[in-house]
> 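There's a structure below that I have some questions on.
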Amino acid sequence: DRVEAFLHGDTFTDNPSLRQLYLIALKVALGECCDTVQFPLIFDEPAVFMDKKTIVLFSDIIKSISQTRQVIILTHDPDQFSFENKVVLR
């Protein structure tokens with residue numbers, strides 16, 4: 001019930017940064033459910049509702065995930081994230 005309420009925008013947490021991390025965790029978990037094909041994880045402006053501390057936490061999580069999966073991050077500010085294998089298209 002709490003997850004369903006959260007997905008419908010109820011105040012599971014009043015912290016937008018934490019809410020964004022919950023959604024990212026859910027997306028990663030759903031991506032892991034497929035055994036036969038590993039699709040890339042695509043994030044569109046993931047840092048919109050994140051504070052600087054949460055961006056660092058997100059970056060650490062993504063660095064770990066990217067060791068075994070392709071990760072694509074679409075953002076207007078590529079300098080927000082510091083990844084080794086980063087491709088910036090302008």
Side-chain angles (χ1 to χ4, degrees):
D1 291 336
R2 294 185 88 189
V3 172
E4 188 172 329
F6 170 72
L7 293 175
H8 293 313
D10 291 355
T11 55
F12 180 67
T13 176
D14 291 332
N15 183 335
S17 292
L18 192 54
R19 180 181 291 229
Q20 187 73 352
L21 279 180
Y22 284 136
L23 289 173
I24 289 167
L26 180 62
K27 185 175 194 171
V28 171
L30 289 172
E32 292 295 320
C33 290
C34 184
D35 290 341
T36 56
V37 178
Q38 279 212 340
F39 296 101
L41 289 174
I42 301 173
F43 298 97
D44 186 12
E45 295 291 350
V48 169
F49 296 108
M50 293 184 191
D51 56 18
K52 291 185 185 291
K53 182 178 175 183
T54 309
I55 290 173
V56 171
L57 179 60
F58 169 77
S59 295
D60 290 344
I61 293 168
I62 294 304
K63 284 178 188 175
S64 175
I65 293 170
S66 69
Q67 298 301 312
T68 57
R69 298 191 63 170
Q70 181 181 23
V71 177
I72 300 170
I73 299 175
L74 307 171
T75 181
H76 70 283
D77 186 5
D79 297 326
Q80 273 182 325
F81 306 104
S82 59
F83 299 116
E84 294 173 16
N85 298 327
K86 178 168 65 171
V87 176
V88 178
L89 304 175
R90 297 186 190 261

> Glu45 and His76: which non-hydrogen atoms are nearest, and at how many Å?
OE2-N, 2.8 Å

> Just to verify, what does Phe43 make a ring pair (Phe, Tyr, Trp, His ring centres under 6.0 Å) with, not counting sequence neighbours?
Phe58

> Would you kindly confirm whether Ile62 and Val56 end up in one hydrophobic cluster when ILVMFWY residues are joined by side chain heavy atoms under 4.5 Å apart?
no

> How far does CE of Met50 sit from CD1 of Ile55, to the nearest 0.5 angstrom?
7.0 Å

> Output yes when a side-chain donor or acceptor of Gln70 lies under 3.5 Å from a complementary backbone atom of Leu41, and no otherwise.
no

> I'd like to check Val71 versus Pro40 (side-chain heavy atoms, cut-off strictly below 4.5 Å). Are they in contact?
no

> Provide the full list of side-chain hydrogen bond (donor to acceptor under 3.5 Å, both in side chains) pairs with a residue in residues 46-65, sequence neighbours left out, each pair given once.
Asp51-Thr54

> Under the side chain to side chain contact (heavy atoms under 4.5 Å, CB included) test, which residues partner Ile42, sequence neighbours left out?
Ile72, Leu74

